[in-house]
Enquirer: 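My questions all concern the structure below.
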Amino acid sequence: MTDEARTTVSITVDGRSVEARPGELLIEAAERAGSYIPRFCYHPRMEPVGVCRMCLCEVDGPRGPSLQPACYLKVADGMKVTTDSEKVKKAQDGVLEFLLANHPLDCPVCDKGGECPLQDQTLAHGSGETRFVEEKRHHVKPISIGELVLLDRERCIQCARCTRFASEVAGEAQIAFSGRGDLIEVAPSPTQPFDSVFSGNTVQICPVGALTAKPYRFSARPWDLEQVESTCTTCAVGCRVAVQSSGNRLTRVLGVDSEPVNHGWLCDKGRFTLDSIDGNPDSHDLTSAATRVTQPMVRENGRLVPVAWGTALAEAARLLHEAGEGDAIGAIGGAALTNEGAFAWERFVRGALGSENLDAQYGDGLDPVLLQTLPLATIDQACAAPVVVTLTGDLREELPVLFLRLRESFAHRHHTLIELASGPSALRPLATHALALRPGEAPVIARALVSGHLPVGTLVHDDELAGARAAIGDGSGVVVVVGRANLAEDQRLVDEAVRTLAEGLPQAKFLVALRRANVRGALDMGLSPRLRPGRGFDATVDGRDTAAQLAAMVAGTQRATILLGGCLLGNVVDTELASAALAASKVIAVTGHGGATLAHADVVLPAAVSYERTGTVTNLEGRVTALAPKISAPGSAWSDVAIAAELALAWGQDLGLGSVELAAQAIEETTGYAALSVLQDQAFEGVVVGLDATPIARHAMDPMAFPGIRSTRTAGLGDSTGATVQLDVEGVAATAAAQRSDVSVTSLDVPPADAYALRVVLVHRLYDRGIAMQGSPALAGLVEETTLGVHPSDLDRLGVASGDVLTVRASGGDFTAPVVTDESIVRGTCVAAVATQRDGVDLVAKILDPSSPVSQVRLETR
Amino acid sequence: MSHFRADIRQRCEELVALYPRKRSAMLPLLHLAQENDGYLSEEGIAEVAALTGTTPADVRGTAAFYDMFHLEPVGKYVVGVCTNIACLLAGGEEMLEHAAATLGCAPGSTSADGLFTLEESECLADCNIAPCVQVNHRYVRTTTPEAFDQLVDDLREGRLDHDVPSHGTLIRVKRQGGLRVSAEDIAAERSVAIAARSARAEAAAAAAAAQGST
Amino acid sequence: MASLDAPRIVSSRRDFADSFTLTRYLETGGYVALRKALTMFPEAVAAEVDVASLLGRGGAGFPAGRKWSMLRRAPISYLVVNGDESEPATFKDHYLVERDPHQLVEGVIIAAYALQVNQAFIFLRGEFALGLERVQQALNEAYAHGALGAKIFGSDFSLDIVVHPGAGAYICGEETSLLEALEGKRGFPRIKPPFFPAVTGLYGEPTVVNNVETMSNLPWIVNNGGAAFAALGAGRSTGTRLFALAGDVKNPGVYELEMVKNTFRDLIFDPALGGGLAEGRRLKAFVPGGVSAPWFGPDQLDTPLGQDEVGGLGSMLGSGSVVVLDDASCVVRAAWRITKFFSRESCGQCTPCREGSGWIERIMYRLEHGGGRMEDLDLVLDLCDNIAPGLSWPPQQTTICVLGPSIPSSVHSALTMFRDDFVAHVNHGGCPHD
Ligand SMILES: Cc1cc2nc3c(=O)[nH]c(=O)nc-3n(C[C@H](O)[C@H](O)[C@H](O)COP(=O)(O)O)c2cc1C
Ligand code: SF4
Ligand code: FES
């Protein structure tokens with residue numbers, strides 16, 4: 001029997017026998033056998049390269065024992081390994097001595113000092129004295145290789161972790177080894193800095209202090225830091241993080257290796273915008289995202305003035321009473337809340353105030369009922385799926401770590417990717433089939449994909465469609481990733497496309513790629529018209545979504561509006577409409593940050609944010625994890641749950657949700673949705689609603705692979721009992737399927753394409769104008785000026801070059817903007833980012849054509 | 001818009017087409033980029049990155065591995081003097097010193113007139129005519145100080161323009177015509193050959209078995 | 001006396017000034033072997049090579065026939081010819097590519113036919129500007145002659161050969177590094193296993209890598225039969241070999257000699273060959289097979305030029321380069337210079353090679369140029385031992401490729417054979433020869 005065909009092989013390590021998986025790396029099998037082999041270049045999430053030679057151990061072979069790198073060698077049945085002989089020790093000591101020969105030994109001024117694998121190895125095994133009397137290698141001390149990362153080449157031990165991360169994991173070799181022999185160094189191109197949105201990962205995995213992060217540099221010593229494990233709420237992937245603080249000041253966020261979610265990686269926005277949580281203590285401008293809202297405020301004589309909580313709550317309750325019956329009241333937002341907060345607000349607005357007008361999506365989501373009825377896939381299932389179909393925006397810009405996870409399955413496992421491509425996408429180079437769709441064509445192409453019937457006039461060729469259909473087969477094993485690729489396209493077009501795919505591929509599963517942090521949890525808690533807590537819904541009633549609420553505010557029928565977290569103006573696409581709406585309604589803003597919206601607020605209720613809160617959140621795959629607070633909220637900010645409960649009391653009803661725990665208990669008891677059990681049990685890998693709820697425990701993390709994280713076992717999380725109440729997901733889904741046909745489908749009239757106009761694709765960028773970016777001194781500067789992206793052939797027709805400033809004729813008026821060309825853009829379209837501004841003017845409002853399901857512009861040379 | 005001269009750009013495209021994968025053309029393309037600019041300029045690097053489907057950082061890092069690629073401008077003539085073992089024994093170090101004095105520049109630097117860059121070379125595989133000197137990677141076979149001075153004179157006066165073309169190791173390495181056998185033909189021939197070979201192997205095995213049983 | 005009656009196999013055209021042209025090649029029997037090979041079954045061609053017992057001429061001396069037949073399991077996709085020749089004082093391939101490129105090309109076509117490979121690459125070191133021109137010219141002529149390209153000489157066999165220039169990196173001679181360079185990457189040797197590119201080579205597909213001289217032997221073997229080749233030499237070392245003789249001898253050069261039938265003494269001292277040392281000089285030591293190999297002293301002069309004969313004495317015939325040091329040459333300087341070479345040419349992946357080579361070089365520099373300490377002698381040996389535990393040959397490795405354990409060879413040889421010289425250097429505060 002060949003090794004590969006067996007399920008286990010047995011090897012002997014230092015005389016102890018251990019069972020291993022065939023093909024498993026010796027370094028891992030030995031560790032399980034209790035022999036930890038020292039290492040530097042090995043990283044469990046990357047292909048082994050075996051270059052540092054620290055992990056040499058003796059392996060018996062046909063010609064006697066020889067020294068072999070354990071990080072590279074795969075176990076074979078009967079293998080005999082010695083990790084502690086004199087010969088091994090001499091070889092390892094020799095390698096360590098060689099590594100230190102040219103090392104500057106500047107530990108006292110090195111950020112890594114105190115958490116440095118090289119330092120730890122040296123203390124454990126080093127000889128204590130140096131035999132190296134030669135002049136050491138010299139380099140200019142740290143050089144900036146990107147906006148966020150510094151490189152000290154003298155400290156580098158050439159382990160190739162950072163360069164491998166860049167090329168192998170992130171897929172962009174923006175840094176690479178340069179030079180040869182002992183002159184080898186890591187270098188970016190002088191013309192293209194290391195501006196990857198994943199650059200911070202290289203700092204985290206550097207086993208020495210060669211790569212340091214500019215935002216963290218010199219801000220703390222490791223031994224002064226305390227940490228907890230929590231979940232990043234910058235987007236809906238829900239990466240697990242170690243949050244570290246010194247005193248009550250956040251200092252650093254590191255990626256934790258969560259097997260089902262982030263594998264240790266983070267994006268730079270999640271990693272570095274922690275400074276926006278602290279806010280700028282000197283900023284008192286309430287319209288600035290850098291300002292933390294620390295006290296309750298009410299508007300008096302046109303100005304917001306600080307007041308006591310009681311006064312603010314009473315004023316808010318008065319405004320609500322004054323507005324009248326439930327339908328005159330609405331709430332927008334909620335994706336930034338915890339599940340408990342979302343539940344409390346749902347109970348208040350729907351339960352107490354009797355309003356169906358609540359919406360956690362800001363108009364850039366999907367039909368919530370449709371979402372609750374899709375058969376869902378986890379991230380792992382999407383990564384394991386042999387065929388993935390995407391109908392989303394650029395995942396690297398919207399859900400960066402989901403991009404990394406999926407990228408791996410296409411780049412390294414050669415899974416099939418079928419992109420229904422509307423905008424630029426970082427996954428495009430890996431797509432097996434990219435079916436170009438122009439705005440408005442999503443339902444048509446989706447139908448063609450499931451039926452094989454391709455109407456004339458699309459950009460898709462018959463053979464392309466046939467190839468994609470052949471790959472999909474009957475849909476079993478297929479995972480469809482759906483999101484909003486284009487915010488200038490009527491949402492109902494996408495809903496229809498998704499519904500078509502769901503009905504045409506009944507075997508397929510769906511991963512919903514909506515980007516806002518806890519949007520899934522907020523919807524699961526019922527923060528949307530027709531939805532009910534615990535993934536329930538009632539298709540017979542209806543309320544106003546965000547767009548309808550804004551319209552009702554302008555029309556004067558919705559007289560009081562509660563804004564739940566986040567800045568409304570920073571989140572909606574049509575800011576002109578939103579400003580008019582805010583001006584026309586009474587506004588109660590529950591928020592932790594300032595922002596343009598506060599200029600319209602009548603009552604401001606300060607809330608705790610991100611790493612100041614406890615509670616649970618649900619990521620895009622439906623995984624519920626716990627947030628652990630690391631610092632206390634500034635001033636007199638309260639938790640969202642407390643604010644909802646107290647406002648309800650002031651208004652006249654006791655919700656019975658006096659604390660986060662009580663809210664979590666109420667959620668779980670009334671709906672079966674895992675909240676209290678996750679909060680109490682703090683199962684490391686969380687619980688996916690709808691899947692077997694037995695929590696998976698985290699494997700122990702190697703501080704060599706994740707330096708800086710002391711131990712996630714001591715991160716305040718206890719052991720799991722595995723006891724959770726089950727939500728009846730199947731039951732809900734069955735009801736949903738039965739009711740799906742009742743949901744009215746609007747077939748929209750998409751105007752025919754105009755040969756002289758370009759259809760607008762409005763996309764989200766990672767570095768946007770939201771609170772996290774705007775409030776972060778470290779990252780705010782990285783937000784790019786607006787450009788319009790066009791396919792080169794469309795520019796050729798106009799005879800202009802990339803970089804030229806053109807006149808844009810849009811439905812809302814003309815403006816000028818520079819154009820750049822990009823081959824990955826669909827012909828006949830023009831790509832802009834939301835919150836597109838130039839010279840302070842909001843261009844998106846001009847681009848959007850509210851009268852049409854798609855918008856288009858014409859470009860003209862000036 | 002190509003940064004390269006039209007003829008060089010064309011040779012680049014032909015080279016890329018010769019290999020099963022674009023990136024394989026990296027080294028010859030870098031030689032051509034050097035022929036275009038005299039060294040590897042940022043523009044040249046960017047164009048090679050585009051031609052090979054890589055990034056500028058990757059191209060630069062790859063180029064920096066190889067001694068023959070210059071990331072900074074060099075003189076019209078790159079003079080290499082070998083000091084490795086065979087040449088060392090034949091006075092290579094003295095030759096290098098002499099060259100530095102004649103050219104007025106230390107090894108690793110360029111003469112004031114920008115004409116010569118002097119390099120200390122590793123073995124150039126011409127050890128029977130030691131110490132070995134190369135100019136622009138052409139063997140000039142000058143083993144005495146006098147011959148070296150004559151060489152420098154000849155180079156300055158342009159008398160060796162034919163023997164020592166300026167930058168570009170591949171300047172006269174020209175393949176006549178691009179691909180000779182199409183990939184489809186190769187694939188077809190290959191599968192036929194593999195099938196024929198295994199048929200012969202089976203026949204041979206069968207024959208051996210038959211012989212064994214009689 | 002040297003035995004010089006064996007036929008010249010790879011250097012038969014050395015007396016023609018135009019030996020590199022197609023005309024001369026055809027006049028001297030060129031492409032006859034290829035026509036003959038094309039009438040045989042590919043396996044039969046390979047079998048002749050197997051019978052010839054042709055050992056690889058690149059340094060490792062692995063039998064070409066065995067290497068080719070390992071690949072029977074999976075059909076080979078690519079044939080790659082190693083013409084990187086950068087091992088110090090090795091210059092035999094230089095001779096072959098410049099002076100007899102058609103012989104190389106014919107050998108490559110024969111090998112490709114035997115392996116049924118339709119795509120071959122000839123990797124030549126970039127500093128061979130003339131060699132690159134000559135080989136490309138030979139290929140152009142071969143295409144025009146019908147010996148290369150589609151349907152060679154009307155047969156059912158087609159082949160493309162691409163000349164690939166290196167760019168100045170010794171390590172690219174190591175076959176897996178060469179493949180990386182051929183894939184357009186930095187020349188980092190690949191980690192083993194797999195031990196042979198035959199398993200996973202170029203683009204991860206089965207690939208045969210053979211040296212220029214190995215290939216150049218093939219036309220003769222096909223013309224004369226493997227048995228005729230095997231009748232030359234003795235034991236495992238059959239046929240003839242090119243020896244590159246350099247250093248302190250009267251007539252340095254490339255000599256083709258029958259294997260085993262001659263000794264180092266013949267090569268160095270025969271008037272028709274090396275011609276001995278300069279007047280009044282005595283042999284101090286010599287490098288028997290490239291600077292990676294441990295040195296020999298006068299006592300080993302009568303060792304036959306055979307792979308196992310040299311290997312049995314703890315060194316290797318390697319690349320066929322013999323460097324002679326006479327008693328006026330400084331062994332410390334020689335060993336320092338060789339270490340400096342390895343330090344400059346280490347690819348930089350493996351810690352012991354990258355850091356060890358530089359460290360040892362700096363110690364050796366101090367010993368030679370002043371600043372050496374007595375404790376440096378043991379220190380340098382211990383560092384050598386940390387790179388190649390046990391300091392034996394063939395070496396034990398702590399590194400990915402054999403460049404690492406080659407670093408100690410010369411230092412260890414010099415220090416164990418001539419410790420007194422080192423002591424004199426320390427006492428003198430530098431080289432007493434200066
Ligand atoms: C550091 C190093 C350098 C080498 N340089 C060369 C070289 O320049 N030419 C060569 O043919 N083989 C060289 N080799 C040997 C090759 O790896 C390989 O064994 C050889 O090309 C196989 O061809 P052969 O079997 O025909 O000898 C080198 C090996 C090492 C470890
Ligand atoms: S031993 Fe030296 S040359 Fe060989 S792979 Fe390691 S570092 Fe590179
Ligand atoms: S070589 Fe194994 S950990 Fe680096």
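Lettering of chains follows the sequences in order, A, B, ..., and the numbering in each one begins at 1. Remember, it's a predicted structure, so these values are computed and weren't measured experimentally. Just so you know, these numbers use all the heavy atoms, side chains as well, and skip hydrogens, waters and symmetry mates.
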Enquirer: State plainly whether the residues A:Glu134 and C:Arg366 are in salt-bridge range, i.e. N to O under 4.0 Å.
Expert: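 Salt bridge between A:Glu134 and C:Arg366, a charged N being under 4.0 Å from a carboxylate O: yes.
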Enquirer: Nearest 0.5 Å, what's the CD-CG distance between C:Glu355 and A:Asp182?
Expert: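 The CD atom of C:Glu355 sits 6.5 Å away from the CG atom of A:Asp182.
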Enquirer: At a heavy-atom separation under 4.5 Å, does A:Phe40 approach chain C through its side chain, its backbone, both, or neither?
Expert: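 For A:Phe40, no heavy atom lies under 4.5 Å from chain C.
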Enquirer: Check whether A:Tyr72 gets within reach of chain C through its side chain, its backbone, both or neither, counting any heavy atom under 4.5 Å.
Expert: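 The answer is the side chain of A:Tyr72.
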Enquirer: To the nearest 0.5 Å, how far apart are CD in C:Gln396 and CZ in A:Arg63?
Expert: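 The distance works out to 11.0 Å.
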Enquirer: Are C:Asp382 and A:Lys90 within salt-bridge range, i.e. N to O under 4.0 Å?
Expert: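 Salt bridge flag = yes for A:Lys90 with C:Asp382.
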Enquirer: Which of the residues A:Asp93, A:Leu73, A:Val133 is involved in the greatest number of heavy-atom pairs with chain C at under 4.5 angstrom?
Expert: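 Counting heavy-atom pairs under 4.5 Å, the top option is A:Val133.
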Enquirer: Which atoms form the tightest heavy-atom contact between C:Thr351 and A:Val95, and what is the distance?
Expert: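 Looking at all heavy atoms of both residues, the closest pair is CG2-O, 3.8 Å.
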Enquirer: Please classify the contact between A:Leu99 and chain C as side chain, backbone, both or neither, with a heavy-atom cut-off of under 4.5 Å.
Expert: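 Both backbone and side chain.
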Enquirer: In terms of heavy-atom proximity below 4.5 Å to chain C, should A:Pro48 be classed as side chain, backbone, both, or neither?
Expert: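 Nothing of A:Pro48, per the 4.5 Å heavy-atom cut-off to chain C.
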Enquirer: Checking heavy atoms, do the side chain of A:Lys87, its backbone, both or neither come under 4.5 Å from chain C?
Expert: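 The side chain, not the backbone.
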Enquirer: Side chain, backbone, both or neither: which part of A:Ile157 has a non-hydrogen atom closer than 4.5 Å to chain C?
Expert: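 The backbone, not the side chain.
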Enquirer: Using non-hydrogen atoms and a 4.5 Å limit, figure out which bit of C:Glu345 sits close to chain A: side chain, backbone, both or neither.
Expert: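 Its backbone and side chain both get close to chain A.
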Enquirer: Flag yes if more than 12 heavy atoms outside C:Tyr365 fall under 6.0 Å of its OH atom; otherwise flag no.
Expert: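 Atom OH in C:Tyr365 is not crowded, with 12 or fewer foreign heavy atoms closer than 6.0 Å.
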Enquirer: Taking C-beta and beyond as the side chain, do A:Arg131 and C:Trp359 meet within less than 4.5 Å on heavy atoms?
Expert: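 Yes, side chains in contact.
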Enquirer: When rounded to the nearest 0.5 angstrom, what distance separates CZ in A:Arg53 from CZ in C:Arg354?
Expert: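 A:Arg53 atom CZ to C:Arg354 atom CZ measures 11.5 Å (nearest 0.5 Å).
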Enquirer: Please rank C:Gln397, C:Arg362, C:Arg373, C:Arg190 by heavy-atom pairs under 4.5 Å with chain A and give me the top one.
Expert: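 Greatest number of close heavy-atom pairs with chain A: C:Arg362.
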Enquirer: Please find the pair of heavy atoms, one from A:Leu67 and one from C:Thr398, that lie closest to each other, and give the distance.
Expert: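 Looking at all heavy atoms of both residues, the shortest contact is CD1-CG2, 4.0 Å.
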Enquirer: Atom CD of A:Gln68 and atom NZ of C:Lys192: how far apart are they, to the nearest 0.5 Å?
Expert: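 These two atoms lie 12.0 Å from each other.
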Enquirer: For the candidates C:Gly358, C:Ala169, C:Pro193, C:Pro352, which exhibits the highest count of non-hydrogen atom pairs separated by less than 4.5 Å from chain A?
Expert: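 The option with the most such pairs is C:Pro352.
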Enquirer: For the pair A:Arg180 (side chain) and C:Arg344 (backbone), establish whether a donor and an acceptor sit closer than 3.5 Å, ignoring hydrogens and angles.
Expert: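 A pair under 3.5 Å: yes.
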Enquirer: Using non-hydrogen atoms only, which part of C:Phe188 is less than 4.5 Å away from chain A: side chain, backbone, both, or neither?
Expert: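 The side chain, not the backbone.
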Enquirer: What are the two closest non-hydrogen atoms of A:Pro69 and C:Ile191, and how far apart are they?
Expert: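 Between these two residues, the closest heavy atoms are CG-CD1, 4.1 Å.
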Enquirer: Rounded at 0.5 Å granularity, tell me how far CZ in A:Phe177 sits from CD in C:Gln349.
Expert: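 Nearest 0.5 Å value for the CZ-CD distance: 8.5 Å.
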Enquirer: Under 4.5 Å from any heavy atom of chain A, what part of C:Arg186 do you find: side chain, backbone, both or neither?
Expert: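 When you check distances to chain A, only side chain atoms of C:Arg186 fall under 4.5 Å.
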Enquirer: Working to the nearest 0.5 Å, report the span between OG of C:Ser346 and CG of A:Leu183.
Expert: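 If we round to the nearest 0.5 Å, C:Ser346:OG and A:Leu183:CG are 10.0 Å apart.
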Enquirer: Answer with side chain, backbone, both or neither: which region of A:Ile184 has an atom nearer than 4.5 Å to a non-hydrogen atom of chain C?
Expert: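 For A:Ile184, the contact with chain C is made by the side chain alone.
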Enquirer: Checking heavy atoms, do the side chain of C:Pro389, its backbone, both or neither come under 4.5 Å from chain A?
Expert: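 Looking at C:Pro389, just its side chain touches chain A.
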